[in-house]
Undergrad: 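Have a look at the structure that comes next, please.
Labels below follow one simple rule: chain letters A, B, ... track the order of the sequence lines, proteins then strands, and each chain is numbered from 1. Here the structure is a predicted model, which means the values were calculated and not measured.
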Amino acid sequence: MSAVIAEHGHDDHHDDHAHGPEKGWLRWIITTNHKDIGTLYLLFALAMFFVGGAMAMIIRAELFEPGMQFVNPQFFNSMTTMHALVMVFGAVMPAFVGLANWMIPMMIGAPDMALPRMNNMSFWMLVAGVLLLASTLFMEGGAPAGGWTLYPPLVLQTGKALPFAIFSVHLLGISSIMGAINIIATILNMRAPAMTLMKMPLFVWTWLITGFLLIAIMPVFAGAVTMLLTDKFFHTSFFDAAGGGDPVLYQHIFWFFGHPEVYVMILPTFGVASTIIPVFARKPLFGYSSMVYATASIAFLSFIVWAHHMFTVGLPISGELYFMYATMLIAIPTGVKVFNWTATMWKGAMTFETPMLFSIAFVVLFTLGGFTGLMMSVAPVDFQYHDTYFIVAHFHYTLVPASVFILMAAGYYWLPKWTGHMYNEKIGQLHFWLSAISVNVLFFPQHFLGLAGMPRRIPDYAIQFADWNMVSSIGGFIFGVSQLLFLWIVIDTIKGGTGEKVTDEVWEDAHKHGLEWTLPSPPPYHTFTTPPTVIPCDHD
Amino acid sequence: MSTSNTTYYIPHKATWPVLATAGLVTTLAGFANYLNGSSIGSTLMVAGLTIFIVMLAGWFTLQSTESESGMYNHGVGISYRMGMMWFIFSEIMFFAVFFGTLWYTRNLSVPWLGGAGSNAATHALLWPSFDAVWPTNGPGNVGGHFEPMGAFGLPLLNTLLLLTSGVTCTWAHHGLIAKNRKQLIQGLAATVGLGFLFVLCQAIEYHEAYTEMGLTLGSGIYGSTFFMLTGFHGFHVCVGAIILSVVLFRSWKGHFSPENHFAFEAAAWYWHFVDVVWLGLFIFVYLM
């Protein structure tokens, strides 16, 4: 099988490089190339990371001291809501889709994504969705301020922003579903003949499963917000007890979406970690097949644990017990993964370049976030933690030093492949140490605040919470500023980096770990127009 | 036939996807403005929908031209089929939300309002006179008195219409495979006709509900679930019938061969999916 890269697919167009990228800016609008679209996704995600980060800085500035300093409470609540929506739907998810676009075709030996036109569309739908969401910041009544979960009846008090936020969710959903369909079709249909399912890199496996999660849950979220829309504008009573509905129903539907959604952000994280750690430990990944089954188990469990987000809403006791035990089960496959990463590093000839540093920090700090998750799964104890800063600390540990750290690791790991230039290792390590220390200064004290009873989503607090909030804010500012180093690295590497010409494999013996390292750095515009016959396989 | 069976076609430049996005976001921004009572709302909606319809026509014409010139090999066909299957799966999940809502309210939350479980005191204190029997518009009697929609009559007729259309669709498919052009076109025309007839019957049913039965979208949870489920389904029937009309047009132009007719298959899958959803509706919304 070879690919025809042409306007007309008639025979004899074997010159693969005849069709390079379009000239000029139009290239980035109408491109169907997986590398171009991957770049668009990654840059968009990076931009949104700083937009969402700026919102977090506003939150931490307001919480630096008790009392009202900078913003009014309404705007503060808009910031917590928008920070979450922008980071989840604008930064983390698109960043992983960008990695999928860039890497999956190269990892499985495919010429491109299976449905290139739809690939372009899913990116622009994302941009449209985020623009619609961002526009609400400038509307009468302000941006949505009831939390990213958009719980009724509170969210129905939103001003002009409500329908825009809802349609934004629809667009983001369409974008995610199309992206996921494309990724699944690519993985199932475009692999090189020698690339059997159990030879696929784990990043590909985790995305296959994540794609399934996305297609299953995004329509559910779309349905939920559609009912919000009709409740607000078309007189329905879905979430109104007076008409026989139930506001708790929204929470059930939201978390049926929401719990798999958080795994959408963590499963590809696992995939990248499983890709990077073996390279720098110079050992094959330990327990490859158990990693695959653990990923699938986590995905399955994610559909049957949603009400652990709702222990305090007044569920029947049988429901509390079921969701408590089901949630605890997740620790088992997750533990399998953590032990596998540890065993991969065990007695390895390890070196500590920036991608590896971020990956090791991920294993340690994600485990910490996992442990607090286990604490909260215990229903009776959760009544103390619920809606406090303890939960804020928990999910930020699973998202920032986990998903975001791994995204940074992925950036450092693959930037030399993407650009053909080496990044500045010294600045990279500085970025790592500043991030790793400040992220703990930022989030660890929030555990104490939460246990002491500080509620989340409030702009002001009682005086006894002052010290740890100040510490947390200082950590936050350092973390925020440190990320500018990453921005500098990305720009610098694209422009030439250290000036050192990188080899095809970039990292020592990386060609044993993945097909992408057998390609030139940077890879040509079209790769694997003829599928590779030899598949590197870093596991048994 | 040297390479066309072994190559995977990768399109080079795409302008329709950007236009699709522009059309959709304009339509939605217009709709949001309209809901907020802004005067530019409807203008934006019309503009957005126009762009979207032009895009649909353009993109599908392009796909059909490419397909006709033999650019899609077996591998491309598999990708398209996978795409369609996973799209239908996402639609199933979308309908599952509303079926789930119906199940939850009927079996859990409405009985709880009536004092079931540990809610006896709440019921006695807040709405002692509320009788938790389905169909209901809740303790607040939201939307006033209404009559629930019966199953026998138009809904039963609609069930027969859709089931028959599933049969005619499959009959047309057999015609296509047997290279019987007449059977293909007659079968498809019958399917499209039955589809639009279904929509007409549903329109009559809705009209009766609103004008004679007091049953509206605002009739509490019964009205909400009834119109949301049947309304989204009706919308899908319209979309399916339009897709089938395009397939009928392409059949009439002689586009499909027994080996190569993805558009027909995709439309047929979609139609059967809509059919199955209706059976679910007929059982859980009308009968039970």
Undergrad: Could you look at A:Leu132 and say if it's the side chain, the backbone, both or neither that has a heavy atom under 4.5 Å from chain B?
TA: side chain
Undergrad: Counting the benzene-type ring for Trp, do B:Phe94 and B:Phe232 have ring centres under 6.0 Å apart?
TA: yes
Undergrad: Answer with side chain, backbone, both or neither: which region of B:Ser118 has an atom nearer than 4.5 Å to a non-hydrogen atom of chain A?
TA: neither
Undergrad: Quick check for you: among B:Thr101, B:Thr225, B:Thr136, B:Val110, which has the greatest number of heavy-atom pairs under 4.5 Å with chain A?
TA: B:Thr101
Undergrad: Heavy atoms only, distances under 4.5 angstrom: which of B:Gly75, B:Gly140, B:Ser79 has the most pairs with chain A? Name it, please.
TA: B:Ser79
Undergrad: Below 4.5 Å, heavy-atom pairs only: which of A:Met113, A:Met118, A:Met125 has the largest tally toward chain B?
TA: A:Met125
Undergrad: With a 4.5 angstrom heavy-atom cut-off, is it the side chain or the backbone of B:Asn141 that approaches chain A, or both, or neither?
TA: backbone
Undergrad: Could you tell me whether the side chains of A:Asn101 and A:Tyr41 share a donor-acceptor contact shorter than 3.5 Å?
TA: no
Undergrad: Give a yes or no on this: more than 12 heavy atoms of other residues, nucleotides or ligands lie within 6.0 Å of atom NE2 of B:His255.
TA: yes
Undergrad: Strictly distance-based, threshold 3.5 Å: is any side-chain N or O of A:Asn189 a donor or acceptor partner for the main-chain N or O of A:Ala185?
TA: no
Undergrad: Is it the backbone or the side chain of A:Met227 that comes under 4.5 Å from a heavy atom of chain B, or both, or neither?
TA: both
Undergrad: With a 3.5 Å distance limit and no angle check, can you tell me whether A:Thr236 reaches the backbone of A:Thr230 through a side-chain donor-acceptor pair?
TA: yes
Undergrad: Counting the benzene-type ring for Trp, do A:Phe254 and A:Phe257 have ring centres under 6.0 Å apart?
TA: yes
Undergrad: What part of A:Thr226 is in contact with chain B, defined as an atom under 4.5 angstrom from a non-hydrogen atom: side chain, backbone, both or neither?
TA: both
Undergrad: Can you tell which part of A:Ile253 gets under 4.5 Å to a heavy atom of chain B, answering side chain, backbone, both or neither?
TA: side chain
Undergrad: Under 4.5 Å from any heavy atom of chain B, what part of A:Phe238 do you find: side chain, backbone, both or neither?
TA: both
Undergrad: Give the ring-plane orientation class for B:His12 versus A:His526, where under 30° counts as parallel, over 60° as perpendicular and anything between as tilted.
TA: tilted
Undergrad: Where does B:Ile78 contact chain A at under 4.5 Å (heavy atoms): side chain, backbone, both or neither?
TA: both
Undergrad: Where on B:Trp16 is there a heavy atom nearer than 4.5 Å to chain A: the side chain, the backbone, both, or neither?
TA: neither
Undergrad: Which of these passes ring pair (Phe, Tyr, Trp, His ring centres under 6.0 Å) with A:Trp306: A:Trp255, A:Phe256, A:Tyr322?
TA: A:Phe256
Undergrad: Taking the six-membered ring for Trp, are B:Phe31 and A:Phe234 parallel (under 30°), tilted (30 to 60°) or perpendicular (over 60°)?
TA: tilted
Undergrad: Does a side chain donor of either A:Lys35 or A:Thr527 reach within less than 3.5 Å of an acceptor in the other side chain?
TA: yes
Undergrad: Given a strict heavy-atom distance threshold of 4.5 Å, which part of B:Leu102 is in contact with chain A: side chain, backbone, both, or neither?
TA: neither
Undergrad: Please evaluate residues B:Leu215 and B:Phe227 with respect to the criterion side chain to side chain contact (heavy atoms under 4.5 Å, CB included), reporting the C-alpha separation (whole Å), side-chain torsions for both, the decisive distance (0.1 Å), and the verdict.
TA: CA-CA 9 Å; B:Leu215 175 60; B:Phe227 282 105; 3.8 Å; yes
Undergrad: Which bit of B:Phe87 comes within less than 4.5 Å of chain A, counting heavy atoms only: side chain, backbone, both or neither?
TA: both
Undergrad: Against chain B, label A:Ala180 side chain, backbone, both or neither, depending on which of its atoms sit under 4.5 Å from a heavy atom there.
TA: neither
Undergrad: Considering only heavy atoms, which portion of B:Ala96 lies under 4.5 Å from any heavy atom of chain A: side chain, backbone, both, or neither?
TA: neither
Undergrad: Please classify the contact of A:Leu229 with chain B as side chain, backbone, both or neither, using a heavy-atom distance under 4.5 Å.
TA: side chain
Undergrad: Parallel, tilted or perpendicular: which fits the ring planes of B:Phe99 and B:Phe95, with parallel below 30° and perpendicular above 60°?
TA: tilted
Undergrad: For chain A, find which of B:Thr15, B:Leu35, B:Val142 contributes the most heavy-atom pairs closer than 4.5 angstrom.
TA: B:Leu35
Undergrad: A:Leu171, A:Leu162, A:Thr186: which one forms the most heavy-atom pairs within less than 4.5 Å of chain B?
TA: A:Leu171
Undergrad: With a 4.5 angstrom heavy-atom cut-off, is it the side chain or the backbone of A:Ile174 that approaches chain B, or both, or neither?
TA: side chain
